[in-house]
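To keep things clear, I will list the structure first and then write my remarks on it.
Small disclaimer: the values here were computed from a predicted structure and weren't measured. Residues: numbered from 1 along the sequence shown.
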Amino acid sequence: SCAVTAIGLYSFAECADITGVYVPDSVKEIGHYAFSDCTSLKTVGIGKGVETLGNNVFSTCTSLEKITVNKDNAVFTSDENDVLYNKEKTELLVFPAANTAATYTVSEKVKIIADGTFAGSANVKSIVISDGVTSIGANAFLGSRSLESVSIGKGVTVIGSDAFEGCEKLSSIHVSSDNTVYSSSEGVLYNKAKTELIKYPAGNMSETFKIGAGIQNVRVLSFSNAKNLKAVTISKDVKVIGASAFYGCINIADVYYEG
């Protein structure tokens, strides 16, 4: 018999009845979107032979609780919370969407949080990103519907696009005062110089907000789906308001411009 050595792209995508998968030791490659939209998939075991993992392999696997990796795998590993990493644990790859942890601390050893790592997470409410992390990927927390707070350490120098989109309960983003690229004030994410407003958390409970003096750029989607906002004041210093900056802000009734 011929052993399977690769699982091709979209191989099991949208197979709604699959509840568990074990990838045998013979498999070396898992292609892009191989198990995406397997909405009943709860557990995944990865054998020792897997060397390559495509993009979005487990995207929209809304029931996925655990990913475990054979201890003899030379490229990938999983931690005690059944979260997927590279072998050295310097890159956090996949936090299963239905993982039951309410809080999660990304360890000092991690350098990179990959694109979409926490996307669709159903249960995690609080995430602490340690000082060792330098990069947060695009869509990293996309649609993490229970997420309420994120704490960002001093080492982060890159935050990818749409990292916090669809986090409807997110009320606070806090950045270490020692971070040289980003900053925060009252739970809102800015660049260090506070000339750019990057993200106003959608779950912020305030009904009014002033884009203060010195802010020149309001980023794309920066206020998206902030449903509690009713009034916004824009200072005369603002030069650019990005596309869809106030998308989904259905209760804003008043906008004041100080220019």
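Within the 3.5 Å criterion, the main-chain N or O of Glu196 finds a donor-acceptor partner in the side chain of Asn191. Between the side chain of Asn55 and the backbone N or O of His32 there is no donor-acceptor pair closer than 3.5 Å. Put simply, the side chain of Ser146 gets close to the backbone of Ala122: a donor and an acceptor are under 3.5 Å apart.
A distance of 7.5 Å separates OG1 in Thr117 from CD in Glu91, rounded to the nearest 0.5 Å. Between the CG atom of Asp237 and the CG atom of Asn217 there is a distance of 12.5 Å, given to the nearest 0.5 Å. Taken to the nearest 0.5 Å, the OG1 atom of Thr19 stands 11.5 Å off from the CG atom of Leu64. To the nearest 0.5 Å, atoms OG (Ser59) and CG (Asp37) are separated by 6.0 Å. Note that the NZ atom of Lys169 and the CG atom of Leu147 stand 10.5 Å from one another [nearest 0.5 Å]. The structure places CD1 of Ile30 at 9.5 Å from OG1 of Thr52, a figure rounded to the nearest 0.5 Å.
With hydrogens and angles left out, the side-chain atoms of Ser183 and Asn179 include no donor and acceptor closer than 3.5 Å. Between the side chains of Glu148 and Ser172, no donor N or O sits under 3.5 Å from an acceptor N or O. Thr77 and Asn73 are not linked by any side-chain donor-acceptor pair at a separation below 3.5 angstrom, with hydrogens and angles left out of the test. There is no side-chain donor-acceptor pair under 3.5 Å between Ser130 and Lys109.
Evaluation of the ring pair (Phe, Tyr, Trp, His ring centres under 6.0 Å) rule for Phe246 yields Phe223 as partners, not counting sequence neighbours. Not counting sequence neighbours, Tyr182 has no partner by the ring pair (Phe, Tyr, Trp, His ring centres under 6.0 Å) test.
A salt bridge between Lys227 and Glu168 is absent, with no side-chain N of the basic residue lying under 4.0 Å from a carboxylate O of the acidic one.
Under the 30°/60° scheme for interplanar angles, the aromatic rings of Phe209 and Tyr200 are found to stand perpendicular.
Atom NZ of Lys194 has more than 12 neighbouring heavy atoms from other residues, nucleotides or ligands inside a 6.0 Å radius.
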Exercise. Could you go step by step and tell me if Lys154 and Thr180 meet the side chain to side chain donor-acceptor pair (under 3.5 Å) rule?
Worked result: CA-CA 7 Å; Lys154 67 181 182 181; Thr180 60; over 6 Å; no

For this session: Give the C-alpha distance, both sets of side-chain angles, the deciding distance and a yes or no for ring-ring contact (aromatic ring centres under 6.0 Å, His included) between Tyr85 and Phe76.
Result: CA-CA 6 Å; Tyr85 290 81; Phe76 301 103; over 10 Å; no

